[in-house]
Amino acid sequence: MMTSVPPRKTWWKSKKTVKVRRSYSTFPSLNAWEKFRGLLPVDGETNPGVGLGVEEGLLCQMVHSPEFNLFPNSVVFESNFVQVRRSRDWKEIYKASNTMALGVTSSVPCLPLPNILLMARVIWHQGQSQTWNRPSTVPSINLKSILPLKFVELQIWDHHERILRLRTVTEKIYFLKLHPDHPETVFRFWIRLVQILHKGLSITTKDPTILVTHCLVPKSLCSPGGKSELVQKNSKGLQPSESLTHLMAQGESEALSQIFSDLHQQKQYSSSRSEKVQINKTSSEKATPCEDSIPCTCDLNWRDAFMFGEWERENPSGPQPHSLLSTLAASSRPRLSLIGGNSI
Amino acid sequence: AYAYLFKYIIIGDTGVGKSCLLLQFTDKRFQPVHDLTMGVEFGARMITIDGKQIKLQIWDTAGQESFRSITRSYYRGAAGALLVYDITRRDTFNHLTTWLEDARQHSNSNMVIMLIGNKSDLESRREVKKEEGEAFAREHGLIFMETSAKTASNVEEAFINTAKEIYEKIQEGVFDINNEANGIKIGPQHAATNASHGGNQGGQQAGGGCC
């Protein structure tokens, strides 16, 4: 049971940032962002991910709490699901008060793809509204397992019913229906996540369209002062592991960043279309995320963590030396799709 | 609310009954067929030692070689380890040295290790004598018990005796409880009074509900 909750952190508020030039817009421009900020969630929450309950949610709070203190610097993308089984229709396996929280995160924040799946059992109080986003009373939430994503297959199984199929390499299969309390947007982000896990991002070696002939390495990291340009230089002299660490320094898990950046855009688009959303002028007075800055973990002993972590070394999802050029190539070509796709 | 939280890990070859021991301890039930553990599965239970509520946060790890690299990441920050072998499979006993080396290499030096010979209900198929387990434990400074996750024999004792040993080390000042790398956390209500720990040796035990 969750007994303590750490203070909320927002991934874009990392202490130090690296500015990365982009030839495409993952985030909206700063002005656009400011323009839309007033349309963000009704409770004044400046982070739409938090507003939707997919970021800094109950699962994240639990794994980051002192009790577990797991992956403290990594973003968690999470939602509440109902476990179902197939019969003529989908049937709930457990009582309505029993749900499952599913989340993905990275063992090290700067990995380009998430590599960990989190599963937790959630027991809601009788009659309690199962609101994942800021419930009035925190339900009982018990972390059940941590699975390396390389041993898990996630699929969109029933788009209409918003059901994911989670299959482990040991052939354990879960059908998980996104909780009805979550808006459609949340399911679209799960679709996007599944796509990313299957096909990778252009920043990773999973993208087969990028041919790698030689190694180009982003040279500089954060300056001691905290903010610096990320300069891309040819660095034939660097050892692969060093090159890797340079690459790693580019930011938080890129996939999660992608999801959240998509989320920010999606939220804005949907917000601009929705007449129900109230305008909250005060939200624009709060801290502004910079669309050109990617949080950098240069002050988080990430190098040690990377060198120590056994998962990362063996995780095929982790960046390989060959991915360096892919990274650069990806950053200089137009994005094919900015918003999460609707089909797999 | 608890006075202390102890982090345990359960390690040992695949199929020795690690997950079954956890299930028996937390849920008091036995499941003959259990899915292979891949990453880490969690269990928790409250126990009472010396009148103090102690929460055991138990990390059940993968035993199979393919998943083992993951396990090593989680030795860190464990106060106790249950090192399990199967008394009906000699090879699981032979691998104990490797497990122990792994544990010692990746954990804090004060971690309490309980050696468990599981499946003691299968006496007719025994391949490892109890004396061999005792000798191994003595040689390596471990606590030893034979258990049966199926019949629940000694399961409570294995978990609770490990906690007692950790508790005693806290009382003796061996564990720095303010260093979370030791796998011990002070409960919220106990934090204010922990400065004056000492004197009382861990003693009484009482089972508790699942938490």
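In what follows, chains carry the letters A, B, and so on, assigned in the order in which the sequence lines appear, proteins first and then strands, with residues in each chain numbered from 1. All values reported here derive from a predicted model rather than from experimental measurement.
- Looking at B:Glu41, both its backbone and its side chain come within 4.5 Å of chain A, counting heavy atoms on both sides.
- Residue A:Leu117 does not touch chain B at all, counting heavy-atom pairs closer than 4.5 Å.
- B:Tyr85 and B:Phe144 have parallel rings, their planes meeting at less than 30° on a 0 to 90° scale where 60° marks the start of perpendicular.
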Evaluation steps, side-chain contact (heavy atoms from CB on, under 4.5 Å), between B:Leu21 and B:Leu82: CA-CA 10 Å; B:Leu21 282 166; B:Leu82 305 187; 5.6 Å; no
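- In this structure, B:Arg45 forms a cation-pi arrangement with B:Phe25, its terminal cationic atom sitting closer than 6.0 Å to the ring centre and no more than 45° off the ring axis.
- For chain A, the nearby parts of B:Leu36 are the backbone and the side chain; heavy atoms of each come within less than 4.5 Å.
- With a 4.5 Å cut-off on non-hydrogen atoms, A:Lys172 touches chain B through its side chain but not through its backbone.
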side-chain contact (heavy atoms from CB on, under 4.5 Å) assessment of B:Lys185 paired with B:Lys7: CA-CA 8 Å; B:Lys185 288 179 182 63; B:Lys7 173 183 165 181; 5.9 Å; no
